[in-house]
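Predicted model, so just to flag it, every value in this text is computed and none were measured.
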Amino acid sequence: MAGLSLQTLFFIGLQVLGRVACLEEVSDQRCNCYLTNETSTDYFTTHSFFDFRALAQYAKVPSPIADPYDSSDADETSDYFLKEDWANVWGIQSWNNSDSVDSGDVPVLLVNSPNNIYIQENTDENPSSQTFLTMRTIRYRGYQSAAEFESISKAYHFLSVRMYARTFGAPGAVTAMFTYRDDGNGTDLTTVQESDLEIRTQDPKDKVQYTNQPSYNAAGYDIPQSTRNVTTPIQADWTQWSIHRMDWTPKDTTWYIDGNKVASIAFQVPRDPSQVIFNAWSDGGEWSGNMTVGSEAYMQIQWIEMVYNSTGDEKTTDKRDDGTIRSLWNVKRAEEGCQNICSIDKTPTIGTPVLLQSAASRMSDHVLGFGVAYVWIPLLLATFLI
Ligand SMILES: *[C@@H]1O[C@H](CO)[C@@H](O)[C@H](O)[C@H]1NC(C)=O
Ligand SMILES: *[C@@H]1O[C@H](CO)[C@@H](O)[C@H](O)[C@H]1NC(C)=O
Ligand SMILES: *[C@@H]1O[C@H](CO)[C@@H](O)[C@H](O)[C@H]1NC(C)=O
Ligand SMILES: *[C@@H]1O[C@H](CO)[C@@H](O)[C@H](O)[C@H]1NC(C)=O
Ligand SMILES: *[C@@H]1O[C@H](CO)[C@@H](O)[C@H](O)[C@H]1NC(C)=O
Ligand SMILES: *[C@@H]1O[C@H](CO)[C@@H](O)[C@H](O)[C@H]1NC(C)=O
């Protein structure tokens with residue numbers, strides 16, 4: 001008899017405790033802003049999530065295209081990349097570096113190809129997803145076939161961007177996730193603002209490079225304060241699936257691997273609205289090195305998640321972009337104030353935010369207090385019963 005009521009009391013107690021401890025998963029419509037660190041005041045107005053983990057209907061590894069012109073002109077590799085969810089945000093690139101080759105700055109022609117960005121089946125042993133997105137770079141005799149997608153909006157103004165990704169393949173390639181802005185014509189180093197995560201496939205597998213560009217000056221001298229050569233946490237070398245995170249704030253850029261802070265650079269932190277870019281490439285230069293003819297390297301991504309602010313100044317490259325609407329919406333939300341505060345870190349479900357604090361909960365804190373009392377009363381009673 002006493003045992004039963006004890007169990008019941010504990011059960012009620014645990015249920016209430018559960019409700020107090022678990023944060024509610026909500027849709028983005030419920031969130032006015034997102035905090036990435038509860039002890040910091042940097043918050044962001046918008047959240048986006050790109051999930052490549054369950055796209056079996058689009059999975060297909062396209063045959064490489066040897067001709068550089070055909071490679072550049074190639075179509076998207078699946079309808080996934082034509083859907084608005086992707087195409088309104090990301091632009092798959094087909095530009096090449098022939099200008100830099102002609103001027104003698106780099107030795108190898110790099111041609112970006114839509115054919116090198118595709119959804120692939122995950123055939124890992126005990127796969128952690130059905131599919132992922134692959135970015136491929138291949139060395140041909142005459143040129144390097146590469147992969148790049150850029151945000152269509154150039155108006156990201158501070159963000160926290162994360163990807164669950166890995167890199168592998170032949171030495172001589174670079175894979176990267178970065179912010180970018182260039183107010184000049186590409187030749188004046190000082191006009192570049194850029195925060196980088198770069199992996200060089202010629203480097204040891206536990207070394208990752210983080211930089212607030214430029215990393216060298218016009219005279220060719222390194223700027224050591226701008227860059228960090230970081231050793232990855234154990235078990236998180238760049239061939240392993242890891243969450244690579246970059247937080248760009250007005251104060252500094254900070255990088256994390258699987259939640260561990262690995263570098264932070266305040267020097268030359270980008271100031272102005274920027275693009276977000278992902279790529280896999282080589283140009284035979286000092287930084288990337290050369291890939292052996294016929295070899296390949298890859299960056300594979302299961303998902304990309306961002307919380308960010310964006311300015312209303314319509315610095316976009318494409319009329320398809322809905323940046324204007326998005327920006328106005330942001331301004332409106334900012335005016336409403338940060339009523340419901342959400343987190344993308346404290347959620348049990350990647351991509352779905354949880355409510356940290358709602359305007360309603362702040363007003364009824366005493367109700368929450370009562371809830372906690374509810375846990376302790378039965379526990380206290382239970383103690384007396386024993
Ligand atoms: C949160 O921000 C505080 C203050 O800026 C900082 O000291 C701390 O390292 C941050 N925590 C994380 C997990 O980033
Ligand atoms: C993002 O925008 C909101 C609303 O304008 C602002 O209060 C907040 O400080 C901004 N966050 C950063 C990191 O600048
Ligand atoms: C490289 O770009 C230039 C300039 O846009 C263009 O004329 C040329 O055809 C491109 N080459 C290839 C291989 O796509
Ligand atoms: C680019 O800018 C630099 C420095 O402002 C200038 O010297 C150079 O002539 C420009 N090049 C082109 C192609 O406009
Ligand atoms: C980082 O340091 C390692 C040695 O610890 C070196 O092998 C690697 O080339 C360095 N990477 C860069 C980009 O300097
Ligand atoms: C890459 O190979 C080219 C010749 O194709 C050469 O000019 C260049 O110096 C090489 N790059 C490096 C970093 O060795």
Side-chain angles (χ1 to χ4, degrees), residues 36-37 39-40 42 135 137 148 156 158-181 189 192-217 221-271 274 276-283 285-289 291 297-308 344-345:
T36 51
N37 175 343
T39 63
S40 126
D42 294 320
M135 305 184 76
T137 183
E148 176 163 309
Y156 293 90
F158 308 118
L159 55 73
S160 176
V161 57
R162 301 99 186 272
M163 63 170 176
Y164 189 53
R166 66 180 175 193
T167 288
F168 61 93
V174 177
T175 64
M177 171 177 90
F178 57 109
T179 65
Y180 184 75
R181 178 189 179 97
L189 289 171
V192 172
Q193 298 183 46
E194 175 177 343
S195 282
D196 284 343
L197 149 62
E198 286 178 293
I199 291 162
R200 301 198 308 173
T201 57
Q202 66 172 305
D203 274 350
K205 292 185 173 22
D206 63 347
K207 299 292 177 196
V208 176
Q209 198 73 20
Y210 301 111
T211 309
N212 285 342
Q213 298 282 0
S215 59
Y216 56 94
N217 62 23
Y221 290 109
D222 288 344
I223 308 174
Q225 318 88 287
S226 71
T227 191
R228 301 276 187 283
N229 179 332
V230 163
T231 304
T232 62
I234 300 164
Q235 303 298 331
D237 74 62
W238 42 257
T239 66
Q240 306 299 314
W241 290 113
S242 299
I243 301 177
H244 291 277
R245 167 176 164 188
M246 180 169 81
D247 286 13
W248 168 37
T249 73
K251 195 168 85 271
D252 56 34
T253 302
T254 302
W255 292 266
Y256 302 79
I257 299 177
D258 293 333
N260 302 294
K261 182 170 164 177
V262 287
S264 189
I265 305 177
F267 180 72
Q268 269 176 187
V269 67
R271 300 170 307 277
S274 299
V276 179
I277 304 180
F278 295 78
N279 61 18
W281 61 278
S282 175
D283 60 10
E286 290 297 329
W287 178 247
S288 70
M291 286 178 71
Y298 315 89
M299 177 156 75
Q300 297 179 328
I301 308 174
Q302 290 195 22
W303 50 259
I304 294 169
E305 184 165 36
M306 286 193 281
V307 286
Y308 59 93
I344 61 168
D345 298 299

* Asked: Are the side chain of W248 and the backbone of P270 linked by a donor-acceptor contact shorter than 3.5 Å?
  -> yes
Full working for side chain to side chain contact (heavy atoms under 4.5 Å, CB included) between M246 and T253: CA-CA 7 Å; M246 180 169 81; T253 302; 3.6 Å; yes
Taken to the nearest 0.5 Å, the spacing of T201 OG1 from I199 CD1 works out to 10.0 Å
Side chains of M163 and F278: does their closest heavy-atom pair fall under 4.5 Å? yes
So, does D283 use its side chain to make a donor-acceptor pair with the main chain of G285 at under 3.5 Å? yes
The reported gap from OH in Y256 to OG in S264 (rounded to nearest 0.5 angstrom) is 7.5 Å
Heavy-atom nearest pair, G289 first then S282, reads O-OG, 3.0 Å
Is the shortest distance from a Lys or Arg side-chain nitrogen in K261 or D247 to a carboxylate oxygen in the other one below 4.0 Å?
-> no
Side chain to side chain contact (heavy atoms under 4.5 Å, CB included) between D42 and N37, worked out: CA-CA 8 Å; D42 294 320; N37 175 343; over 6 Å; no
N/O donor-acceptor pair under 3.5 Å between D237 side chain and T239 backbone: yes
>> I'd like to know if the side chain of Q193 and the backbone of R181 have a donor-acceptor N/O pair within less than 3.5 Å.
In response: no
Here the pair of heavy atoms bringing S195 nearest to W255 is CB-CZ2, 4.4 Å
Rounded to the nearest 0.5 Å, the OG atom of S226 sits from the OH atom of Y210 at a distance of 15.0 Å
| Less than 4.5 Å apart, any side-chain heavy atom of P233 and any of Q235? | no
Check your understanding: Any side-chain heavy atom of V208 sitting closer than 4.5 Å to one from V262?
Key -> no
For A280 and T137 the tightest heavy-atom approach is O-CB, 3.6 Å
Could you check whether any side-chain N or O of Q202 sits under 3.5 Å from a backbone N or O of S288, counting only pairs where one atom can act as donor and the other as acceptor? yes
All heavy atoms of Q268 vs all of N212, minimum pair found to be NE2-O, 2.8 Å
dist R271:CZ -> F158:CZ (nearest 0.5 Å) comes out at 10.0 Å
So CE of M306 and CD1 of I344: to nearest 0.5 Å the spacing works out to 10.0 Å
Per side-chain contact (heavy atoms from CB on, under 4.5 Å), T211 is matched among D196, I265, L197 by D196
Note to self: Quick one, E305 and V161 - any side-chain contact, counting heavy atoms below 4.5 Å?
What the structure shows: no
Can a donor-acceptor pair be found, under 3.5 Å and without considering hydrogens, that links the side chain of W238 to the backbone of A165?
no
Correct closest heavy-atom pair for P214 and I223 would be O-CD1, 3.6 Å
### Message
Between Y308 and V276, is the side chain to side chain contact (heavy atoms under 4.5 Å, CB included) condition met? List the steps.
### Response
CA-CA 11 Å; Y308 59 93; V276 179; over 6 Å; no
Check your understanding: Without hydrogens or angle criteria, can the side chains of T232 and K207 be said to hold a donor-acceptor pair below 3.5 Å?
Key -> no
Main chain of I243, side chain of D258: is a donor-acceptor contact present, judged purely on distance under 3.5 Å?
yes
T179 vs L159, side chain to side chain contact (heavy atoms under 4.5 Å, CB included): CA-CA, chis, key distance, verdict:
CA-CA 10 Å; T179 65; L159 55 73; 4.2 Å; yes
Anything under 3.5 Å between a donor and an acceptor, one on a side chain of residues 167-177, the other on a protein residue two or more places apart or in another chain? List them.
| from | atom 1 | to | atom 2 | distance (Å) |
| --- | --- | --- | --- | --- |
| T167 | OG1 | T175 | OG1 | 2.8 |

*asked:* Has R245 got a side-chain atom pairing as donor or acceptor with G259's backbone, closer than 3.5 angstrom?
replied: no
Taking every heavy atom of E198 against every heavy atom of W287, the minimum-distance pair comes out as OE2-NE1, 3.1 Å
Separation between CD (Q302) and CH2 (W241), nearest 0.5 Å, reads 4.5 Å
